Amino acid sequence: KDKPDLIINTGDTTMDENKQTKETVQKRWDIWNQIIQAENKIPMVSALGNHDVWTGPDAKTDTLYKEDKRYGKQWAIEMLSMPHRYYTFEKNGWNFIALDSINGDEGYQLDDEQFNWLKKKLEEIPASSPICVYNHVPILSMGALLYSTKRANISEVKFPSGDMHNDHQRIKDLFFQHKNVKLCLSGHVHYIDAIEYLGVKYMCNGAVSGNWWGNPISLDEFSPVYTMIDLYKDGSIN
């Protein structure tokens, strides 16, 4: 019954900007902007997903595209009105931190520049102020494990293998030093799970899109969804 104060978009906003022509990416952002302007009045913040990174369809075109200032992550950053690929803000007594998962040659992780920034921000935020972190690839997720083992034998799975953060141990260690980190939101796997580890709740909240999954419109057991979350001033979550 309460109108939401905020939409948190955890990435993969349009249908894949990897290996696409400039014209295709432009069409997809045009459609996104038309729908958002016509149908959404709720403030929205975003994080970058792996499919938000623009690259060309072949090596020759990709080389030419690298001269465009929007190449890579920048086009998505501009279209989503993000102040930077990672950033922070305060709203209604909570501090929100958006992270950029899309780094690393094998799997996903925070680059050192970003990790050091995160460490500094967590030190600056008062211990009495609860923190919600959001990013695309789960930092910790049971769904990521089950997604992998549904598609390969246990002996073959090199978990997290692109479905969870490679650097989850050092992020977990950092969060453990700051007990006001209460919630971490992600997407990527399109599964829905919630695990609590050392006082932090990690929630992977599925995907809004689903038509491309075929019939029935679901990925394994999960249909397209969004998640409603209540954040309370005492740091509790529902």
Side-chain angles (χ1 to χ4, degrees), residues 1-16 32 35-36 39-52 76 80-82 86-102 108 130-148 150 160 163-165 168 171-172 175 180-213 216-238:
K1 64 182 180 181
D2 296 327
K3 181 180 177 181
D5 293 302
L6 188 67
I7 294 174
I8 297 178
N9 164 28
T10 55
D12 284 359
T13 300
T14 62
M15 183 60 186
D16 195 8
W32 166 261
I35 293 171
I36 289 297
E39 300 191 24
N40 179 52
K41 305 303 179 187
I42 301 171
M44 182 170 60
V45 293
S46 301
L48 291 172
N50 51 301
H51 291 296
D52 296 324
L80 296 170
S81 299
M82 297 169 59
Y86 52 87
Y87 58 94
T88 183
F89 65 95
E90 189 272 338
K91 187 175 181 66
N92 293 354
W94 277 70
N95 278 268
F96 294 83
I97 299 176
L99 298 177
D100 171 18
S101 300
I102 317 306
Y108 300 106
I131 297 171
C132 170
V133 175
Y134 61 94
N135 60 298
H136 183 63
V137 179
I139 296 170
L140 291 177
S141 170
M142 180 56 68
L145 176 61
L146 292 171
Y147 181 88
S148 297
K150 194 176 184 97
D163 293 319
M164 200 177 86
H165 261 252
H168 55 273
I171 297 176
K172 176 269 294 180
F175 289 170
N180 52 335
V181 178
K182 300 296 185 181
L183 179 64
C184 292
L185 306 176
S186 66
H188 188 58
V189 185
H190 299 194
Y191 280 19
I192 303 164
D193 70 14
I195 63 171
E196 191 159 327
Y197 192 77
L198 294 175
V200 182
K201 181 168 280 189
Y202 298 85
M203 297 176 65
C204 186
N205 293 310
V208 174
S209 68
N211 287 344
W212 55 282
W213 288 341
I217 300 177
S218 65
L219 179 67
D220 302 331
E221 298 86 354
F222 297 95
S223 300
V225 296
Y226 60 87
T227 299
M228 298 287 291
I229 303 171
D230 290 323
L231 304 179
Y232 298 96
K233 290 183 178 180
D234 65 358
S236 59
I237 301 144
N238 180 35

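Since the model is a prediction, treat every value here as computed from it, not as a measurement.
The shortest heavy-atom contact between S101 and H165 is OG-NE2, 3.0 Å. Heavy-atom minimum distance, I97 versus T88: CG1-OG1, 3.7 Å. Closest non-hydrogen pair, M142 versus D193, comes out as N-OD2, 2.9 Å. Taking every heavy atom of both residues into account, D5 and K91 meet most closely at O-CE, 3.7 Å. Taking all atoms of both residues into account, the shortest heavy-atom contact from A47 to M82 is CA-CE, 4.2 Å. Taking both residues in full, the closest heavy atoms of V181 and V133 are given as CG1-CG2, 4.4 Å, listed atom of the first, atom of the second, then distance.
The distance from the CG atom of N211 to the CD1 atom of I217 is 4.5 Å, given to the nearest 0.5 Å. Distance CG/L145 to CD1/I195: 10.0 Å, rounded to 0.5 Å. Here the straight-line distance linking atom CG of D52 with atom OG of S46 works out to 8.5 Å at 0.5 Å rounding. Distance check: I192 CD1 to T227 OG1 gives 6.0 Å after rounding to the nearest 0.5 Å. Annotation: the span from N9 atom CG to L185 atom CG amounts to 11.5 Å, rounded to 0.5 Å. The structure places OG of S141 at 10.0 Å from OH of Y191, a figure rounded to the nearest 0.5 Å.
Taking the six-membered ring wherever Trp is involved, the centroid distance between the rings of H190 and W212 falls below 6.0 Å. When ring centroids are compared, Y108 and H188 come within the 6.0 Å threshold.
Other residues, nucleotides and ligands contribute more than 12 heavy atoms inside 6.0 Å of the NZ atom of K172. Around atom CZ of F89, more than 12 heavy atoms belonging to other residues, nucleotides or ligands sit under 6.0 Å away.
Looking at S186 and T10, their side chains never come closer than 4.5 Å, going by heavy atoms from C-beta outward. The side-chain heavy atoms of P138 and V189, taken from C-beta on, include a pair separated by under 4.5 Å. Annotation: side chain of F175 is not in contact with side chain of L198 (no heavy-atom distance under 4.5 Å). With contacts defined as side-chain heavy-atom distances shorter than 4.5 Å, the pair N205/V225 does not qualify. For the pair Y226 and I7, the minimum side-chain heavy-atom distance is 4.5 Å or more. Taking 4.5 Å as the limit, every side-chain heavy atom of N92 sits out of range of all side-chain heavy atoms of L231.
Screening residues 224-238 for salt bridge (Lys or Arg N to Asp or Glu O under 4.0 Å) gives no qualifying pairs among residues at least two apart or on separate chains.
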Apply side-chain contact (heavy atoms from CB on, under 4.5 Å) to Y197 and I139, showing your working.
CA-CA 11 Å; Y197 192 77; I139 296 170; over 6 Å; no
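Between the W94 side chain and the Y232 main chain, a donor and an acceptor come within less than 3.5 Å of each other. No donor-acceptor pair under 3.5 Å is formed between the side chain of N180 and the backbone N or O of I131.
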